[in-house]
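Just below is one structure, and these are the notes that go with it.
In the text below, chain A, chain B and the rest are named by the order of the sequence lines, each starting its count at 1. Atom set for the values below is all heavy atoms of this structure, side chains included, hydrogens, waters and symmetry mates excluded. All of these numbers come straight from a predicted model, not from anything done at the bench.
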Amino acid sequence: DAGVTQTPRHEVAEKGQTIILKCEPVSGHNDLFWYRQTKIQGLELLSYFRSKSLMEDGGAFKDRFKAEMLNSSFSTLKIQPTEPKDSAVYLCASSRDWGCTGQLYFGEGSKLTVL
Amino acid sequence: AQSVTQPDARVTVSEGASLQLRCKYSYFGTPYLFWYVQYPRQGLQLLLKYYPGDPVVQGVNGFEAEFSKSNSSFHLRKASVHWSDWAVYFCAVRGGANTGKLTFGHGTILRVHP
């Protein structure tokens, strides 16, 4: 089975631009997560979907960050407008049954640099 | 609120030596605990997980961890470290089965010397 696929792997944006990061979860997984990883803050939850419904979002990220699940096999994370402090690695993860297994499968991440 | 502390930002060991990476958690109730590993240029991978039950859990590649409620700890151990274990290790806590939030520690970088 293919793992979690994230594109692009690297993105460079100018301040104020809109960027869209994409994620394809493992086939058959019902739970999808977006995390942000930085050296200072570590891993922070941005969004959590179960069967395409938004279950949780990171309160601090609501204003410029929007995650969507367009269908069960594709999700996007839009950052609009970008700021230099958004420079980080954005990780997508999926789970077959988060409530029971608690196991996440992570993608390799999308590294965003905002100039 | 739940939290995880990994007090050691970096640990260096010699190949073949034993290893312990420390993890302290804060959660009011019975936690679900995890160790994830991130190898260079790869995504995080699950090493092992603790669900309420036997306090010692076995993971992949010879890793194990022990849950201690009295110490609020979930330390990771390995009897003999291999050079391929060079990676970043993250401890994480989930407060119950119905929340999606997995709270991670800041990670411990493990370096292995030949």
Side-chain angles (χ1 to χ4, degrees), chain A residues 2-7 9-10 23-26 29-61 67 69 89-111, chain B residues 1-10 23-27 29-53 57-60 65 67 74 87-109:
Chain A
V4 176
T5 303
Q6 291 188 248
T7 55
R9 291 295 309 279
H10 302 274
C23 174
E24 296 175 35
V26 176
H29 282 193
N30 297 317
D31 299 288
L32 186 138
F33 303 78
W34 283 99
Y35 279 88
R36 184 172 81 169
Q37 184 179 24
T38 61
K39 281 190 168 62
I40 294 175
Q41 299 293 337
L43 285 115
E44 303 168 282
L45 179 69
L46 299 175
S47 297
Y48 162 42
F49 292 88
R50 172 176 290 172
S51 299
K52 298 190 293 180
S53 297
L54 182 65
M55 303 299 291
E56 292 183 47
D57 60 28
F61 298 96
M69 277 210 78
V89 177
Y90 291 83
L91 297 172
C92 179
S94 69
S95 179
R96 181 169 49 83
D97 187 350
W98 170 247
C100 290
T101 67
Q103 180 165 354
L104 297 183
Y105 293 80
F106 282 86
E108 294 182 354
S110 293
K111 184 175 182 179
Chain B
Q2 60 209 48
S3 66
V4 173
T5 301
Q6 294 180 247
D8 305 308
R10 288 184 178 83
C23 171
K24 300 276 283 184
Y25 71 90
S26 173
Y27 177 70
T30 301
Y32 294 70
L33 295 157
F34 305 82
W35 276 98
Y36 280 83
V37 59
Q38 188 172 31
Y39 298 105
R41 294 174 296 281
Q42 294 186 30
L44 280 78
Q45 302 169 34
L46 181 68
L47 266 184
L48 48 80
K49 61 185 178 184
Y50 167 78
Y51 280 15
V57 291
Q58 303 296 323
V60 297
F67 167 71
F74 188 55
V88 185
Y89 293 78
F90 294 91
C91 182
V93 63
R94 186 181 86 183
N98 293 320
T99 174
K101 188 173 182 180
L102 194 61
T103 301
F104 287 86
H106 274 65
T108 298
I109 300 171

Approximate separation, where rounding is to 0.5 Å, of L102(B) CG and F33(A) CZ: 8.0 Å

Value rounded to 0.5 Å, distance of OH in Y39(B) from CD in E108(A): 14.0 Å

Neighbour count >12 (heavy atoms, 6.0 Å) for atom NZ, K111(A): no

side-chain hydrogen bond (donor to acceptor under 3.5 Å, both in side chains) against W35(B), all qualifying residues, sequence neighbours excluded: none

Minimum heavy-atom distance R41(B)-R9(A), with the two atoms named: O-NH2, 4.5 Å

Between CZ on residue F106(A) and CG on residue L46(B), distance to nearest 0.5 Å: 9.5 Å

Under 4.5 Å from any heavy atom of chain B - which part of Q37(A): side chain

Spatial distance of atom OG1 (T103(B)) from atom CD (E44(A)) [nearest 0.5 Å]: 10.5 Å

Any donor-acceptor N/O pair, H106(B) side chain to I40(A) backbone, under 3.5 Å: yes

Exceeds 12 heavy-atom contacts within 6.0 angstrom, atom CZ of F67(B): yes

Residue among F104(B), F90(B), Y36(B) satisfying ring-ring contact (aromatic ring centres under 6.0 Å, His included) with Y35(A): F104(B)

All side-chain hydrogen bond (donor to acceptor under 3.5 Å, both in side chains) counterparts of H29(A), not counting sequence neighbours: S94(A)

Note, L104(A) side chain near F34(B) side chain (heavy atom, < 4.5 Å): no

Heavy-atom proximity to chain A below 4.5 Å, by part of Q45(B): neither

